[in-house]
Amino acid sequence: AIDADGQRTGRRVQLREARLLALGNCIGACFLYRRTVYQAVGEYDAQMTLAEDYDYWVRVSRRYSMVLLDEELYLYRFHDAALTSTQGRQRVSDRVEAVRNRHFSPSEIALAEGLRAYDRGDYRKARGLLLRTVIRRPLFFAAYKPLVLAMTPRFLLHFLSKIKKTLA
């Protein structure tokens, strides 16, 4: 990230995996997609101002797999004239929430929040969110593996990881 004068701020724009789209826009400002994607998904929705890119990526992710390139490919400028600054963070947050509610069920949002909690090491929170997802939607199989991992004691996972490395 850079400031209005082009100086690096040390702040990094955090990109997450597309599997966490239910949490918010994680695609970033650098992306590439084929014309066939555009032809299948259509235009950005003008009604989703301030979150039109997020709405677009959710629609794309429903039809196509997406891949994160874990490289820094651009500099992102934070400045006072940016839409987030001029329109206000709360207004942008409200638009993002409208997109979430438009495209995701409460179970999908709980699953994504549970995966994020797991990734951050907050296993207690992850267990609660993932268990809630499984109870609400028992056939939502994407929640089972992370739920089992979140419920497994850390020492056992560490031990199994060592065995796996030894056998590889």
Side-chain angles (χ1 to χ4, degrees), residues 1-2 11-79 81-123 125-150:
I2 57 175
R11 185 173 161 195
R12 185 165 184 237
V13 177
Q14 295 296 317
L15 301 179
R16 299 183 301 261
E17 297 177 45
R19 70 188 174 115
L20 300 178
L21 269 171
L23 299 174
N25 190 358
C26 57
I27 303 302
C30 184
F31 49 85
L32 180 67
Y33 55 94
R34 297 179 185 270
R35 178 184 297 271
T36 55
V37 172
Y38 167 77
Q39 290 168 334
V41 175
E43 305 253 345
Y44 283 82
D45 185 344
Q47 301 298 315
M48 291 287 121
T49 304
L50 300 176
E52 66 277 355
D53 53 344
Y54 176 39
D55 176 73
Y56 195 76
W57 301 129
V58 172
R59 290 188 286 134
V60 168
S61 73
R62 297 291 193 192
R63 298 183 72 160
Y64 299 96
S65 61
M66 300 169 75
V67 178
L68 171 69
L69 299 177
D70 195 19
E71 299 177 54
E72 290 185 13
L73 300 173
Y74 64 95
L75 297 174
Y76 191 90
R77 184 181 309 270
F78 288 91
H79 55 88
L83 280 177
T84 304
S85 300
T86 61
Q87 296 292 321
R89 290 199 182 279
Q90 186 58 52
R91 188 158 177 234
V92 172
S93 294
D94 291 346
R95 298 303 298 163
V96 166
E97 190 63 25
V99 172
R100 280 178 64 176
N101 292 332
R102 179 184 203 183
H103 293 289
F104 296 103
S105 70
S107 295
E108 290 172 308
I109 293 169
L111 172 62
E113 289 174 349
L115 293 172
R116 179 174 58 182
Y118 181 83
D119 290 346
R120 291 183 175 170
D122 188 349
Y123 304 116
K125 182 175 182 178
R127 280 191 298 269
L129 289 163
L130 295 167
L131 190 56
R132 182 181 329 153
T133 301
V134 168
I135 289 169
R136 286 181 182 168
R137 292 194 48 198
L139 297 179
F140 208 18
F141 297 115
Y144 283 93
K145 181 179 178 183
L147 175 60
V148 168
L149 290 173

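If you're wondering where the values come from, they're calculated on a predicted model, not measured in any experiment. Numbers for residues simply follow the sequence, beginning at 1.
- In plain terms, the two heavy atoms of Ala126 and Gly114 that are nearest each other are CB-O, 3.5 Å.
- Of the charged side-chain nitrogens involved, none lies within less than 4.0 Å of a carboxylate oxygen, so that Arg116 and Glu113 do not count as a salt-bridged pair.
- Considering Arg59, Arg102, Arg95 in turn, Arg102 is the only one that fulfils the salt bridge (Lys or Arg N to Asp or Glu O under 4.0 Å) rule with Asp45.
- Side-chain atoms of Arg132 do not come within 3.5 Å of backbone N or O of Ala110 as any donor-acceptor pair.
- Nearest heavy atom pair, residue Gly24 against residue Val96, reads CA-CG1, 4.3 Å.
- Ser65 places no side-chain N or O within 3.5 Å of a backbone atom of Ser61 that could act as its donor or acceptor partner.
- Between Phe140 and Val134 there is no side-chain heavy-atom pair separated by less than 4.5 Å.
- Atom CZ of Arg34 sits in a sparse spot, with 12 or fewer heavy atoms from other residues, nucleotides or ligands closer than 6.0 Å.
- Remark: Ser107 OG to Ile135 CD1 distance equals 10.5 Å, nearest 0.5 Å.
- Side-chain atoms of Phe104 and Val58, non-hydrogen and from C-beta on, do get closer than 4.5 Å to each other.
- Tyr118 OH to Leu129 CG: the interatomic distance, rounded to the nearest 0.5 Å, is 14.5 Å.
- In this structure, CZ in Arg62 is found 9.0 Å from CG in Leu21, a value given to the nearest 0.5 Å.
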Worksheet entry | Full working for ring-ring contact (aromatic ring centres under 6.0 Å, His included) between Tyr64 and Trp57 | CA-CA 10 Å; Tyr64 299 96; Trp57 301 129; over 10 Å; no
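- A donor-acceptor contact shorter than 3.5 Å links the side chain of Asn101 to the backbone of Glu97.
- Between Thr133 and Leu111, the closest heavy-atom pair is OG1-N, 3.3 Å.
- Using a 3.5 Å distance cut-off with no hydrogens or angles, the side chains of Tyr56 and Glu43 do not pair a donor with an acceptor.
- In this structure, the separation between CG on Leu50 and CG on Asp94 is 10.0 Å, given to the nearest 0.5 Å.
- Here the shortest heavy-atom pairing between Glu108 and His103 reads OE1-O, 3.9 Å.
- Within a 6.0 Å radius of CD in Gln39, other residues, nucleotides and ligands contribute more than 12 heavy atoms.
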Practice prompt. Please test Arg137 against Ser105 for side chain to side chain contact (heavy atoms under 4.5 Å, CB included), starting from the C-alpha separation and ending with a verdict.
Written response: CA-CA 10 Å; Arg137 292 194 48 198; Ser105 70; 3.3 Å; yes
Worksheet item: Taking it one step at a time, do Tyr33 and Val41 satisfy side chain to side chain contact (heavy atoms under 4.5 Å, CB included)?
Response: CA-CA 11 Å; Tyr33 55 94; Val41 175; over 6 Å; no
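- Taking every heavy atom of both residues into account, Ala22 and Ala112 meet most closely at CB-CB, 3.7 Å.
- Shown here for Leu23 and Arg100, the closest heavy-atom pair between the two residues is O-NH1, 4.0 Å.
- Side-chain atoms of Tyr144 come within 3.5 Å of backbone atoms of Pro138 as a donor-acceptor pair (strictly under, hydrogens ignored).
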